[in-house]
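What follows is a single structure, written as structure tokens, with notes after it.
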Protein chains: 2
Amino acid sequence: MTSEMLAKPMGTNPVVIRRVMAGLRDQGYVRSEKGHGGGWTLACDLSRVTLRDVYVALGSPSVLAMGNRTETPGCLVEQAVNAALGQAFEDAEALLLVRFGEVTLAMLSTDVHERLIARGKSHHLENTHA
Amino acid sequence: MTSEMLAKPMGTNPVVIRRVMAGLRDQGYVRSEKGHGGGWTLACDLSRVTLRDVYVALGSPSVLAMGNRTETPGCLVEQAVNAALGQAFEDAEALLLVRFGEVTLAMLSTDVHERLIARGKSHHLENTHA
DNA sequence: CCATTATGCAACATATGATGTTTCATGAGG
DNA sequence: CCTCATGAAACATCATATGTTGCATAATGG
């Protein structure tokens with residue numbers, strides 16, 4: 001698949017695709033080839049790569065929208081809040097990462113194929129996007 | 001306390017303070033008075049108000065930085081991912097809210113006072129910010 | 001061997017939301 | 001009645017995410 005083939009149905013730009021895929025390529029999950037007939041190819045066992053692996057490959061962006069503003073604040077109120085909620089934030093983040101790690105790409109692939117069948121029509125990537 | 005007295009040590013603007021406090025006032029946790037000698041006063045029992053109450057009063061902003069992009073997407077891949085992670089997001093959010101609900105403002109107040117003593121000096125709000 | 005086609009990379013543009021600022025109206029004291 | 005406070009709206013600024021453009025590089029296929 002070329003970046004353009006991927007970008008079109010997702011309604012975005014080929015360069016954006018390349019930016020995202022770069023992380024996956026660096027981890028060896030996909031390979032990219034230049035030139036005529038080039039593009040992206042899978043380079044991993046889908047049953048051995050989880051959404052957590054993907055998450056990490058993409059740079060482990062923060063999963064929480066809030067958290068301690070400062071790790072070691074001078075403000076005593078902030079210190080108190082950090083002490084009260086710090087563990088909660090860590091726990092919530094850890095929970096999400098564990099769940100991410102329980103989902104393999106193979107599971108998603110299987111699910112997508114089942115949904116395709118359930119929809120009862122033949123499809124190409126192009127029209128799986130409404 | 002006036003908005004200005006609160007804003008200064010937090011390094012922000014009085015208007016920003018008013019914006020935030022408006023939510024707390026609407027819930028009756030604080031009261032505001034205009035004119036000479038006016039400002040903000042506490043109007044609740046600190047032991048009966050939790051950080052979750054504050055969170056809700058502030059408009060329940062999303063606690064997660066990610067989540068389902070669409071609730072009922074046409075894209076089958078997105079459907080599969082939503083199915084795989086939707087519960088995880090809900091669980092993580094629920095966990096955080098529960099933890100928020102376990103912390104009362106009274107607990108924070110006590111903690112702040114202990115930290116004041118531990119620091120071994122007398123303080124005013126002005127210099128509790130480093 | 002060279003035109004085509006793809007990625008890689010950097011720079012720039014745009015959109016969005018959070019935060020900060022200004023201004024004016026209103027009300028409460030002294 | 002002058003001062004000082006909040007309330008509200010409009011505007012400015014900033015940071016980030018996303019999208020776009022341009023060009024270099026590499027590989028294929030005719």
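Bear in mind that the values here come from a model prediction, so they are computed numbers and not experimental data. Below, all heavy atoms of this structure are taken into account, side chains as well, without hydrogens, waters or symmetry copies. Reminder, nothing fancy here: chain letters follow the sequence lines and each chain counts from 1.
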| request: Give, ordered by number, those residues of residues 17-29 of chain B having at least one heavy-atom distance below 4.0 Å to an atom of DNA chain D; if nothing qualifies, reply none. | output: B:R18, B:R19, B:R25

| note | What residues 61-68 of chain B contributes to the DNA chain D interface at heavy-atom separation below 4.0 Å is none

| Leading and trailing nucleotides of DNA chain C with any atom under 4.0 Å from heavy atoms of chain B | C:dG20 to C:dG29

Enumerate the protein-to-nucleotides 25-27 of chain D contacts in which both atoms are nitrogen or oxygen and the separation is below 3.5 Å.
unit_1	atom_1	unit_2	atom_2	d
D:dT25	O2	A:K34	NZ	3.4

| Base, sugar-phosphate, or nothing for B:E4, non-hydrogen atoms under 4.0 angstrom? | nothing

| query | Base, sugar-phosphate alone, or nothing: which one does B:G37 contact when heavy atoms must sit under 4.0 Å apart? | reply | nothing

| query | Under 3.5 Å, is there a donor-acceptor pair linking the side chains of A:E102 and A:T50? | reply | no

| query | For residues A:Q87 and A:D91, is any side-chain donor paired with an opposing acceptor at under 3.5 Å? | reply | yes

| message | Suppose we screen for side-chain hydrogen bond (donor to acceptor under 3.5 Å, both in side chains). Which residues come up paired with B:S32, at least two apart in sequence or across chains? | response | none

| remark: Taking for A:T2 and for B:N13 the nucleotide of DNA chain C with the nearest heavy atom, the one nearer the 5' end belongs to A:T2

| Restricting to pairs with a member in residues 41-97 of chain B, which pass ring pair (Phe, Tyr, Trp, His ring centres under 6.0 Å), not counting sequence neighbours? | B:Y55-B:F100

| said: Does anything in residues 39-48 of chain A form a side chain to side chain donor-acceptor pair (under 3.5 Å)? List the pairs, not counting sequence neighbours. | reply: A:S3-A:W40, A:D45-A:S47

| Residue mapping more 5' on DNA chain D - nearest nucleotide basis, B:V15 or A:V16 | B:V15

Got a sec, which residues hit side chain to side chain contact (heavy atoms under 4.5 Å, CB included) with [X], two or more places apart in sequence or on another chain?
X: A:A83; answer: B:D111, B:R115
X: B:R19; answer: B:V16
X: B:V15; answer: B:N13, B:R18
X: B:L42; answer: B:V30, B:L46

| Min side-chain heavy-atom separation A:E71-A:N68 under 4.5 Å | yes

| request: Specify the angle, to 10°, made by the local axes at the two ends of the helix from C:dC1-D:dG30 to C:dG30-D:dC1 when five pairs are taken at each end. | output: 10°

